[in-house]
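Each remark here refers to the structure printed beneath this line.
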Amino acid sequence: MIDKIVPDMNAAMAGVVSGSTILVGGFGSVGQPNALIEALIERDVRDLTIVANNSGGGVVGLAHLMQRGCVRRLICSFPRSSNSTVFEELYRAGKIELEIVPQGTMAERMRAAGAGVGAFYTPTSYGTKLAEGKETREIGGRMHVLEYALHGDVALVEAWRADRWGNLVFNKSGRNFNPVMAMAARTTIVQTQHVVELGALDPEAIVTPGIFVDRVLHVPYGDPVG
Amino acid sequence: MIDKIVPDMNAAMAGVVSGSTILVGGFGSVGQPNALIEALIERDVRDLTIVANNSGGGVVGLAHLMQRGCVRRLICSFPRSSNSTVFEELYRAGKIELEIVPQGTMAERMRAAGAGVGAFYTPTSYGTKLAEGKETREIGGRMHVLEYALHGDVALVEAWRADRWGNLVFNKSGRNFNPVMAMAARTTIVQTQHVVELGALDPEAIVTPGIFVDRVLHVPYGDPVG
Amino acid sequence: MIETKPWSRDAMAARLAHDVPEGWYVNLGIGIPTMVADHVPVEREVIFHSENGVLGMGPAPPPGAVDPWLINAGKKHVTLRAGGSYCHHADSFGMIRGGHLDLCVLGAFEVAENGDIANWATSENDTAPAVGGAMDLAAGAKRLWVIMEHTTKDGRPKLVERCGYPLTALAAVTRIYTNFAVLDVTAGGFAVIEMVPGMTREALQERTAARLAFA
Amino acid sequence: MIETKPWSRDAMAARLAHDVPEGWYVNLGIGIPTMVADHVPVEREVIFHSENGVLGMGPAPPPGAVDPWLINAGKKHVTLRAGGSYCHHADSFGMIRGGHLDLCVLGAFEVAENGDIANWATSENDTAPAVGGAMDLAAGAKRLWVIMEHTTKDGRPKLVERCGYPLTALAAVTRIYTNFAVLDVTAGGFAVIEMVPGMTREALQERTAARLAFA
């Protein structure tokens, strides 16, 4: 019997090592796999490349991970927020590398990784600083920039409901980057609010099929805060 | 009030003209917009480029359209079936052009068109006849072939349920190419088995949001045959 | 220079909202653009899109009815209208980049007379730059309208011949709504189509660092 | 040449099915590959994928219980297991091309000793060529196994040094199940790992147009 539900955090995070590229779901505080992020801190994995839309706020989650010096490089579309002081201080001090990627390009680069597309041409960012040094090509009368697939070693994902095959659905805007990152990593680890019986999820409405999921941990933490 | 539901076939097919590139949903006989295909025949539009996975069987649907001499060119992954004689005779007689595209490349080229990706690199078909004359590039140690977005002037789509905003869900394997083609055309025309009130479709389970749909015609024809 | 009463931010948003017809799919940037939604009457069905996978957004919920799982791209709590739907980020930006939005409204630091827009970074930033979805939206939407003050707080024109700040997209803006005027970006540069009552051509030109055409 | 009783198609499918562990995501091509599913016991959970957007396919429905809306890539009626799901074609081929299938099983006209596969067109075709999803599957799956007769009906070897027919993918096949043997594709060419009872090394080599290695 296939059972991707793991009993505890140790089993969930097994094999996550320093030096990894880790894709972290969430947009703002919604759909963020906070328990899994905290586990990264506890395991003291270092030298990480983190791919996430935001840089975290306050001193929890990603901000906490950065504060602990675990992150070498951040690939991100919007590292600024009202309370993203941890990241900003590290960045100004030259203690963290930053690759700014337009939000849609970031999503598409991970979707490409998940879908076996090596690279693609997008009109986004053509003629801007973020396209400097990148190949360009005119297609259909419009200039495009070449962007490469962005693979993760690990994806940390938050889901609303999951079954033992790893099928996932999400809750409203908690979906965001989670399904895209689940496709793009070698090992996809999910924290889910609810675990349901196999067959309980509507086959027409499964957003992330279990083929993209390796481990599921039940973490019924409640609502996002902030 | 937005209302994409049209009263009759004339309203559905308005402006569909000869010389168009038409994307036609369906895989085998499931999810094929047969009523809309028949309407193409009745309107006698000609010189069409048809993009469809199959070439149609017997003398109905796409096969009928081809038999009537309306199709100049077929872009297709699998034009052969047990009863695809109409296409095969036209092809042997040099009366129809054929562009064979691997099925996944065909889907991805339309997804690219819908998602604003100008072109992409895929490992599929590298080193084969279907990649002859195409640009290649090594990415991550693997050879890839450059493929361009495939846009339609019109997409003909079959849905299971639709609302007045044009939101769609499909029925089991009736989904197939329909959502991809809906994204990729300038005008997307839907025949739907059922029309439902706005709000009746679960927002977590809408497969094709109305942003990709222009017109919806209620055609409760029943089950696919064959 | 004649004294004029500039449009308030609310009036600017209302003025822009007036030009948004029923049926359009619209993405509103953070700041003044977000205010536009409040000026579209609910019976005029305009479908608002948010980058984080929300299509068919409704207004902010009343206090006490907040769903913590439903936010917009500005991280504010919102609602979903009947007919709305959710999608993931790659699909959401497929809508944007694929030209399926009829309109995107953004704020800007500068807009150039050829439609170039700069709205994501200034040389004054000492924090890290942050682009979000601005470049995708600016490059992808069918129409890009900018809503912004006509000049900076210290009176420097934001409508210019050429942007000095890092660009967000080239030749993308087609219309600008400021506190003093509504302008189209044409092949011949900025064309003024409306001015705030009391504003003169000369006074508007003085506050603008590019040549204005008047209809 | 010693007389041997070749494996039937059913026996070939059963032999291959024996090597498919629980938990694998598997796509089966049309023909003999499809028969593999019948030899995986239902309690060994193997998740079958079909190109047309079906993941978690079950066996053919009993007569009278056919759902006309549920077919596989071979256009045959199938069922869906609990835990199965539907997706559209671009997502389905994302799974394939993205390397998420543990195994694809295809038939072939020819397999070369470097793993090249030819299975979509022959020079004899006078009808139009048809590729379907073969190239995507061959290039995309983590493992590509071929199941086919060892020779053509008129006795021509299908395991060759170099394919003569148009290729489907380069260096993609890792294992072949024939009616006479099971072979791995190694850096050194075909390596025989099992033969049908009664078959000799010499007889197998005679029916093969490439050098065989024996463990």
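The model shown is predicted, which means the values in this text are computed figures rather than measured ones. Residue numbers begin at 1 in each chain, while the letters A, B, ... track the order of the sequences.
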Ring centres under 6.0 angstrom apart (D:Trp7, D:Phe180):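 No, the ring of D:Trp7 stays outside the 6.0 Å limit from the ring of D:Phe180, centre to centre.
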Aromatic ring proximity D:His89/B:Phe27, centre distance under 6.0 Å: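 Under 6.0 Å, so yes.
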Reported CD1-to-CD distance for the pair B:Ile37 and B:Glu158, which is rounded to 0.5 angstrom: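 Spacing of CD1 (B:Ile37) from CD (B:Glu158) equals 9.5 Å.
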Side chains of [X] and [Y]: do they bring a donor and an acceptor to under 3.5 Å?
X: B:Thr192; Y: B:His218; value: no
X: D:His49; Y: D:Asn27; value: yes
X: D:Thr186; Y: D:Asp184; value: no
X: D:Asn119; Y: D:Tyr165; value: no

B:Gln191 (side chain) donor-acceptor with B:Asn34 (main chain) under 3.5 angstrom: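 Yes.
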Go through [options] and name the one with the most non-hydrogen pairs under 4.5 angstrom from chain D.
options: B:Leu98, B:Asn53, B:Leu130; result: B:Leu130
options: B:Ser55, B:Cys76, B:Gly31, B:Gly127; result: B:Gly127
options: B:Ser77, B:Gly28, B:Pro79, B:Ala107; result: B:Ser77

Tell me, for [X] versus chain B, whether the close heavy atoms (under 4.5 Å) come from the side chain, the backbone, both or neither.
X: D:Ala169; value: backbone
X: D:Leu70; value: both
X: D:Ala134; value: neither
X: D:Tyr86; value: both
X: D:Asn72; value: backbone

Given the options [options], which has more heavy-atom pairs under 4.5 Å with chain B than any of the others?
options: D:Asp67, D:Asp116, D:Val78; result: D:Asp67
options: D:Pro68, D:Gly132, D:Ala90; result: D:Gly132
options: D:Gly94, D:Ala73, D:Ser92, D:Ser85; result: D:Ala73

Tell me, for [X] versus chain D, whether the close heavy atoms (under 4.5 Å) come from the side chain, the backbone, both or neither.
X: B:Arg109; value: neither
X: B:Asn54; value: side chain
X: B:Thr105; value: both

Candidate list B:Trp160, B:Tyr221, B:Phe170, test ring pair (Phe, Tyr, Trp, His ring centres under 6.0 Å), partner B:His194, passing option: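 When B:Trp160, B:Tyr221, B:Phe170 are each tested with B:His194, the ring pair (Phe, Tyr, Trp, His ring centres under 6.0 Å) holds only for B:Trp160.
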